[in-house]
Amino acid sequence: MAQPWPLHPPQRLVVLASGQGSNFEALVAASGERLAAQVVLLVVNNPGCGAEARAARLGIPCQLINHRDHPSRASLDTALIAACRQVQADLVVMAGWMRIVTPLLVQAYPDRLLNIHPSLLPSFRGLDAVGQALAAGVQLTGCTAHLVRPEVDAGPVLVQAAVPVLPGDDHRSLSARIQRQEHAILPLAVALAAARLAG
Ligand code: GRF
């Protein structure tokens, strides 16, 4: 096995996911290998989502914090902060977290809140970045892992991977190619964020 990336101390990760959770699973897998980190909690906002099932299979605690139970984004983020504090999170990773976060969460985890986005930011911010790339006819797109700032899909880039758009690509094929790169760069981004904090 390759040498682990040195992280002192090992990082306690909370992952936020709304969908399938393939990036969450990639982080769990990396945590058993190169990444000196432990995924201590998955938070989901959609009951029955794929990420929840993955957590059960992987033996990772999962907490449902349903945005539909909260009157505002601030109320949702307050609940998220409480959950993260409860497990003493070092870093919080938005891995397909389809909610806009407020400055409350950003400020509670300064330079400790990460996001993965399926484009080469600053291109194709916001929803359906893959569809945007296909519509624009670009030949190259990719994914970005970055630190979160209050502005949506902005913040210092930690890692990017470029992905070609191939002739005949559709949304599904391009998304799958991008996701393979997301799974590779997100663990590295966690290591880089931790290293940045350590100075
Ligand atoms: C990823 O493509 C991520 O970039 C986007 O949402 C997707 C989540 O996929 N924000 P998964 O739930 O990790 O499989």
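Numbering of ligands and ligand atoms starts at 1, following listing order.
Considering all non-hydrogen atoms of both residues, Ala129 and Phe124 come closest at CB-O, 3.4 Å. Annotation for Ala95 and Ile116: closest pair CA-CG2, 3.9 Å, computed over non-hydrogen atoms.
For Arg57, the salt bridge (Lys or Arg N to Asp or Glu O under 4.0 Å) test picks out Glu25, with sequence neighbours left out.
If you check which protein heavy atom lies closest to atom 3 (C) of ligand 1, you get Glu182 OE2, 3.4 Å. Closest to atom 14 (O) of ligand 1 among all protein heavy atoms lies Ser22 OG, 2.5 Å. Closest to atom 7 (C) of ligand 1 among all protein heavy atoms lies Gln179 NE2, 3.7 Å. The single protein non-hydrogen atom nearest to atom 8 (C) of ligand 1 is Gly96 CA, 3.6 Å, given as residue, atom name and distance.
Surrounding CG of Leu127 are at most 12 heavy atoms belonging to other residues, nucleotides or ligands under 6.0 Å away.
When each of Leu158, Leu192, Val148 is paired with Leu114, the side chain to side chain contact (heavy atoms under 4.5 Å, CB included) condition holds for Leu158 and for no other.
Below 3.5 Å of separation, one finds no N or O of Met98 facing any N or O of ligand 1.
The closest approach between a heavy atom of Gly21 and any atom of ligand 1 is below 4.0 Å.
Using a 4.0 Å cut-off to heavy atoms of Ile116, the atoms of ligand 1 that qualify are 3 (C), 4 (O), 10 (N).
A donor-acceptor contact closer than 3.5 angstrom is absent between the side chains of Asn46 and Ser18.
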